[in-house]
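This report refers to the structure that appears directly beneath it.
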Number of protein chains: 2
Amino acid sequence: MDLQERMKRFEETCRRQGLPVTVQRRAVYEALASRKDHPTADELYDAVSRRLPGISRTTVYRVLETLVKMGLAIKVDHPGARSRFDANATDHPHAVCLACERVFDFEVRDFDLGDIPEQLPDGFQVTGVTVVVHGYCPFCRAALEKNRG
Amino acid sequence: MDLQERMKRFEETCRRQGLPVTVQRRAVYEALASRKDHPTADELYDAVSRRLPGISRTTVYRVLETLVKMGLAIKVDHPGARSRFDANATDHPHAVCLACERVFDFEVRDFDLGDIPEQLPDGFQVTGVTVVVHGYCPFCRAALEKNRG
DNA sequence: CTAAGTGCAAAGCATTTGCAGGCTT
DNA sequence: AAGCCTGCAAATGCTTTGCACTTAG
């Protein structure tokens, strides 16, 4: 799906849900949808600020929250790190670099979690499963090895 | 493993790692090891305060950090919630209740993540995999259904 | 004795909230 | 016109830090 399609879908979703299409919302969504990494709210604030100098950090936070509720984005959290956002709202696993905290997507072929629910506490109703891989990304690995000398 | 064994192991681990066995450390570890749920730092602070009235929240935080480094505890984080701690330091999946934020352990039979690494970004070095199931625990489910009435 | 641990108070950081005014529909 | 959205500034909540004192080994 390219950016134009995404913007179109964004506006449709807003209308369908009765939410005003504001400049700020469009700008934040566009900033998020046009990158492949998983920016933090602040990184998005920086990016959006360039095009929309008056926008406030608060608004970026609020718009991101809205996008998540609308189903147009996913919020990715992990230990001790700021939240990151992903315009790819389909359920998919993430790989997190322990050094730089960057988040990477990856696809899974045959990742069957079908039988997990059986092992849960009696009566636990499952709504989703999150899989996170931690480790070191190629960039940080290289840097670490260099330092070891 | 029962509490006594755990306390013994705790002291041995301290000695092996050259860390003083302080009253506070023992108290925090004992408080954590003797419960089956996954308390937050603050819940532990409350519990420990009863036996050791002078202890400070800061110390509880610091001790927990130390326990994690020592390999005697695990820190469990998730979106928008306070960190929780688990004296069961072996790698195992958690189920998180979206309503009360409680964390539940569960075991997996044949949970093979063996082929995930192949799908990762080139050169990503995996150190661990976290699996989190979200949903509603039996208690909150019951409460929610009641409210729907 | 010496290094490490502790308590207090204050700082830090990401995120949220209250409120007055502005913009979409 | 009506209501939701925005910006500002201040508050929040969890967690960390600086510093002087105490304690374990």
*Can you give one letter per nucleotide of nucleotides 18-25 of chain C, going 5' to 3': B for a protein heavy atom under 4.0 Å from the base, S for sugar-phosphate only, - for none?*
B-----SS
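Across all strands shown, B/Gly54 has heavy atoms under 4.0 Å from sugar-phosphate atoms exclusively, and none from any base. Contact annotation for A/Thr40: no contact, since no heavy-atom pair falls under 4.0 Å across all strands. No engagement by B/Thr66 is indicated, since no non-hydrogen atom pair under 4.0 Å with the nucleic acid exists.
A donor-acceptor pair under 3.5 Å is formed between the side chain of A/His38 and the backbone N or O of A/Val103. In terms of modelled atom types and a separation under 3.5 Å, the side chain of A/Arg15 and the main chain of A/Phe10 share no donor-acceptor contact. Within the 3.5 Å criterion, the main-chain N or O of B/Gly123 finds a donor-acceptor partner in the side chain of A/Arg141.
One can place CD of B/Gln17 at 15 Å from C1' of C/dA4, the figure rounded to the nearest angstrom. The interatomic distance linking A/Lys69 (NZ) with D/dC4 (C1') rounds to 13 Å, in whole Å. With rounding to whole Å, A/Arg82 atom CZ is found 18 Å from D/dT15 atom P. Rounded to whole angstrom, the span from the CZ atom of B/Phe85 across to the P atom of D/dC14 amounts to 13 Å. The distance between atom OH of B/Tyr45 and atom C1' of C/dT6, rounded to the nearest whole Å, is 13 Å. Rounded to an integer number of Å, the gap from B/Met70 CE to C/dA4 P is 15 Å. Atom pair A/Leu64:CG and D/dC5:C1' shows a separation of 15 Å (rounding to whole Å applied). In this structure, B/Arg57 atom CZ and C/dG7 atom C1' are separated by 13 Å, rounded to whole Å.
The side chain of B/Ser56 contributes an N or O atom lying less than 4.0 Å from OP1 or OP2 of C/dG7.
The residue among A/Arg25 and B/Tyr61 whose nearest nucleotide of DNA chain D lies closer to the 5′ end is A/Arg25.
Residue B/Asp86 forms a side-chain hydrogen bond (donor to acceptor under 3.5 Å, both in side chains) with just one option from B/Lys75, B/Lys36, B/His94, and that option is B/His94.
Looking at heavy atoms from C-beta onward, B/Tyr136 lies in side-chain contact with A/Thr127 at the 4.5 angstrom threshold.
Ion pairing of B/Lys8 with B/Glu12 is absent here, as no side-chain N (NZ or NE/NH1/NH2) approaches a carboxylate O to less than 4.0 Å. Ion pairing between B/Arg82 and B/Asp42 fails under the 4.0 Å rule for side-chain N and carboxylate O.
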